[in-house]
Amino acid sequence: MIEQVKGTQNISGDNAIKYLYIQNLFNNKFSDYGYQYIQTPLLEYKELFDKSIGESSEIVTKQMYELIDKGGRELVLRPEGTSSIVRYHAEFNKDLTIKYSYFGSMFRYENPQKNRYREFNQAGLEIVGLIDTYSDFQIINDSFNFIKELIPGTKLNINTIGSISDREQFIKVLYEYFKANTDKLSQDSIDKLENNTLRILDSNNPDDSEVIKNAPNISEYINDNSKNNFDSLLEILSNSDIEYQIDNALVRGLDYYNDLTFEFITSENVVVGGGGRYDNLSEILSLGKFNGVGVAFGVERIMNSIPLPDNSSKYYLLGTDINKISKYSKELDKHNINYSKPPRLTKENAQFKDAKNQNVLYLINTDEDTIKNLITNQIEKFNIEVILEH
RNA sequence: GUGAUCGUAGCUCAGUUCGGUUAGAGCGCCUGGUUGUGGUCCAGGAGGUCGCGGGUUCGAAUCCCGUCGGUCACCCCA
């Protein structure tokens with residue numbers, strides 16, 4: 001038996017129903033909100049992510065699927081979506097401000113577990129170009145509406161991490177603080193001290209909690225402009241009755257973020273999505289000078305948090321005579337009525353079972369020219385008018 | 001990268017402790033019959049490299065080593 005590649009998935013059965021439900025909701029909602037759907041390649045040059053996500057980040061150092069193609073190019077399977085969209089924007093829409101949406105597979109080489117896979121799907125939004133607080137607000141408002149519709153009770157955590165230079169300064173202070181307190185830190189956190197100081201704040205190791213609680217707070221190192229922007233965003237959110245929780249420890253894993261960062265967290269404490277502002281990404285990539293703000297949801301995490309949507313067909317076409325069945329099909333097709341059928345001509349008994357398993361409401365029997373309501377067991381003579389009344 | 005646990009029919013699992021005929025059950029599937037208050041019921045049938053590779057043994061689903069995969073946790077993240 002050839003087994004499937006570790007951490008990949010066959011999205012099938014109930015999961016396929018959930019996947020399509022989420023995808024349909026995403027597409028419908030955000031095309032209405034004016035986001036342009038875009039599909040960028042799954043393969044990108046490795047360089048794109050080295051620069052964007054950050055060369056010392058966990059994703060780049062350990063988690064990328066890398067390959068050399070026959071032309072000797074260093075390629076990777078994309079670990080996230082934002083960098084590709086910024087690359088696209090620079091090439092085709094450089095002077096414009098565009099709202100984008102995307103939906104598709106991402107790849108990260110990690111050990112799989114609940115809510116984490118090596119190939120997984122992200123649904124994301126980006127606004128790229130000339131960005132202001134209204135853009136930030138839109139991303140949060142629109143994506144919050146989406147996730148609340150799927151998972152009621154989801155909460156918004158929000159933070160500002162200041163400009164890149166604020167952060168550099170803060171990291172220096174933080175480094176000195178942790179350096180002075182290494183005796184009270186867990187080994188994991190000590191390992192992060194040199195290259196990933198900021199990440200220590202994310203630690204949920206109880207050994208670290210005391211030190212982290214007393215650590216310098218980033219809010220003291222944030223420049224006035226960033227502070228004002230953040231405050232005015234919070235004000236807009238409040239005026240729009242959008243509830244949020246400020247979380248000063250929320251730093252996120254990608255280097256390109258600045259100022260705004262936020263996460264959506266369910267009542268089960270699953271982070272189903274997150275995002276933030278990336279004003280310097282285009283410059284980091286040497287693609288010009290424009291800004292961006294975006295959000296990405298983990299589709300599998302949503303799938304694991306929602307009940308199974310109703311997906312049953314309404315009608316089932318049963319029969320043993322192909323000519324009669326086809327006559328009925330034609331009639332139903334003409335009126336744009338969808339119906340389910342058995343995959344082949346089995347005996348009636350098997351077709352009844354199939355219909356029952358699919359939870360259909362009405363059974364159209366072409367052998368007897370009847371339509372039966374499977375809930376009430378009421379049988380009527382078949383007539384297209386009867387169906388059109390439903 | 002680290003650790004725990006699991007892998008036997010399409011599915012859920014028994015059998016592994018303590019090696020021993022032809023590897024079982026339920027559900028599902030197929031065929032025929034039965035049923036017209038149609039989904040029931042009856043009979044028969046198909047279906048397994050016991051994840052894979054090696055080792056020990058007269059003999060391995062069972063013991064040993066390795067490996068691949070699932071699940072879960074750590075790390076990290078969506």
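Because only heavy atoms are used, hydrogens play no part in the values below, and waters and symmetry mates are left out as well, while side chains stay in.
- The pair A:Lys155-A:Glu243 fails the salt-bridge criterion, with no side-chain N (NZ, NE, NH1 or NH2) lying under 4.0 Å from an Asp/Glu carboxylate O.
- A side-chain donor-acceptor contact under 3.5 Å links A:Asp69 to the backbone of A:Arg73.
- A:Gln63 comes within 4.0 angstrom of the backbone, heavy atoms only, and of no base.
- Nucleotides B:rC77 and B:rG15 are separated by 43 Å at their P atoms, to the nearest Å.
- Of the N and O atoms on the side chains of A:Glu80 and A:Ser83, at least one donor lies less than 3.5 Å from an acceptor on the other residue.
- Among the atoms of the strands shown, none is found under 4.0 Å from any heavy atom of A:Asn121.
- Atom CZ of A:Arg78 is separated from atom C1' of B:rA78 by 13 Å (rounded to the nearest Å).
- For the pair A:Lys99 and A:Tyr35, the cation-pi test (distance below 6.0 Å, angle within 45°) is passed.
- Taking atom C1' in both B:rG48 and B:rC29, one finds a spacing of 15 Å when rounded to whole Å.
- Without hydrogens or angle criteria, A:Arg78 side chain to A:Thr40 main chain gives a donor-acceptor distance under 3.5 Å.
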Under 3.5 Å, N/O pairs linking protein and nucleotides 6-11 of chain B:
residue	atom	partner	partner atom	Å
B:rG7	N2	A:Glu3	OE2	3.2

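- The gap from the P atom of B:rA60 to that of B:rG1 amounts to 34 Å, rounded to the nearest Å.
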What are the atom names and distances for every N/O pair under 3.5 Å that joins the protein to nucleotides 26-34 of chain B?
residue	atom	partner	partner atom	Å
B:rC29	OP2	A:Lys353	NZ	3.4
B:rC30	OP1	A:Arg344	NH2	3.3

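- Taking atom C1' on both nucleotides, B:rG7 is separated from B:rG44 by 33 Å, rounded to a whole Å.
- Rounded to an integer number of Å, the gap from A:Gln4 CD to B:rC52 C1' is 16 Å.
- Nucleotide B:rA73 holds its C1' atom 6 Å from the CD atom of A:Gln113, rounded to whole Å.
- Checking B:rC13 for Watson-Crick or G-U wobble geometry (two distances, each under 3.5 Å) identifies B:rG24 as its partner.
- The separation between A:Glu58 atom CD and B:rC77 atom P is 7 Å, rounded to whole Å.
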Provide a list of protein-nucleic acid N or O atom pairs under 3.5 angstrom, restricted to nucleotides 1-3 of chain B.
residue	atom	partner	partner atom	Å
B:rU2	O4	A:Asn111	ND2	2.4

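- Nucleotide B:rG45: paired with B:rC29 (Watson-Crick or G-U wobble, both distances less than 3.5 Å).
- Straight-line distance between the C1' atoms of B:rG45 and B:rG28: roughly 14 Å, to the nearest whole Å.
- Rounded to whole Å, atom P of B:rU71 lies 10 Å from atom CG of A:Asn304.
- Using a 4.0 Å heavy-atom distance criterion, A:Val270 is classed as making no nucleic acid contact.
- Within the nucleic acid shown, A:Gly275 has no heavy atom closer than 4.0 Å to any nucleic acid atom.
- Counting any heavy atom pair closer than 4.0 Å across all strands shown, A:Glu80 reaches no nucleic acid atom.
- In this structure, the CD atom of A:Gln9 is 13 Å from the C1' atom of B:rU71, given to the nearest Å.
- Checking A:Glu263 against A:Leu374, the closest nucleotide of RNA chain B that is more toward the 5' end is the one next to A:Leu374.
- For A:Tyr256 and B:rC77, the OH to P distance is 12 Å, given to the nearest whole Å.
- Using modelled atom types, one finds a donor on one side chain and an acceptor on the other under 3.5 Å when comparing A:Thr82 with A:Glu126.
- By the 6.0 Å and 45° rule, A:Lys172 does not stack over the aromatic ring of A:Tyr175.
- Pair assignment for B:rG3 gives B:rC72, based on Watson-Crick or G-U wobble hydrogen-bonding distances that are each under 3.5 Å.
- Both distances falling under 3.5 Å, in either a Watson-Crick or a G-U wobble arrangement, place B:rG66 opposite B:rC52.
- Comparing A:Tyr117 and A:Lys6 by the nucleotide of RNA chain B that holds the closest heavy atom to each, the one mapping nearer the 5' end is A:Lys6.
- For B:rU56 and B:rU62, the C1' atoms lie 13 Å apart once the distance is rounded to whole Å.
- The pairing partner recorded for B:rU35 is none, the criterion being a Watson-Crick or G-U wobble arrangement whose two distances lie under 3.5 angstrom.
- Looking only at atom types and distance, the side chain of A:Asn365 has no donor-acceptor partner in the side chain of A:Thr370 under 3.5 Å away.
- A:Tyr328 has its ring centre no less than 6.0 Å from the ring centre of A:Tyr339.
- The distance from atom CD of A:Gln122 to atom C1' of B:rA78 is 5 Å, rounded to the nearest whole Å.
- Annotation: B:rC74 and B:rC65 have their P atoms spaced 28 Å apart (nearest Å).
- A stacked arrangement is assigned to A:Phe120 and the six-membered base ring of B:rA78, with a centre-to-centre distance below 5.5 Å and an interplanar angle below 30°.
- Formation of a donor-acceptor pair under 3.5 Å by the A:Arg118 side chain with backbone atoms of A:Glu110 is found in this model.
- Comparing B:rG51 with B:rU17, their P atoms are spaced 15 Å from each other, to the whole Å.
- Defined by atom type and a distance below 3.5 Å, a donor-acceptor pair is missing between the side-chain atoms of A:Asp136 and A:Thr133.
- At distances below 3.5 Å, at least one donor-acceptor pair connects side-chain atoms of A:Asp132 with backbone N or O atoms of A:Ser135.
- The number of heavy-atom neighbours closer than 6.0 Å to CG of A:Asp32, taken from other residues, nucleotides and ligands shown, is above 12.
- Residues A:Phe26 and A:Tyr102 keep their aromatic ring centres 6.0 Å or farther apart.
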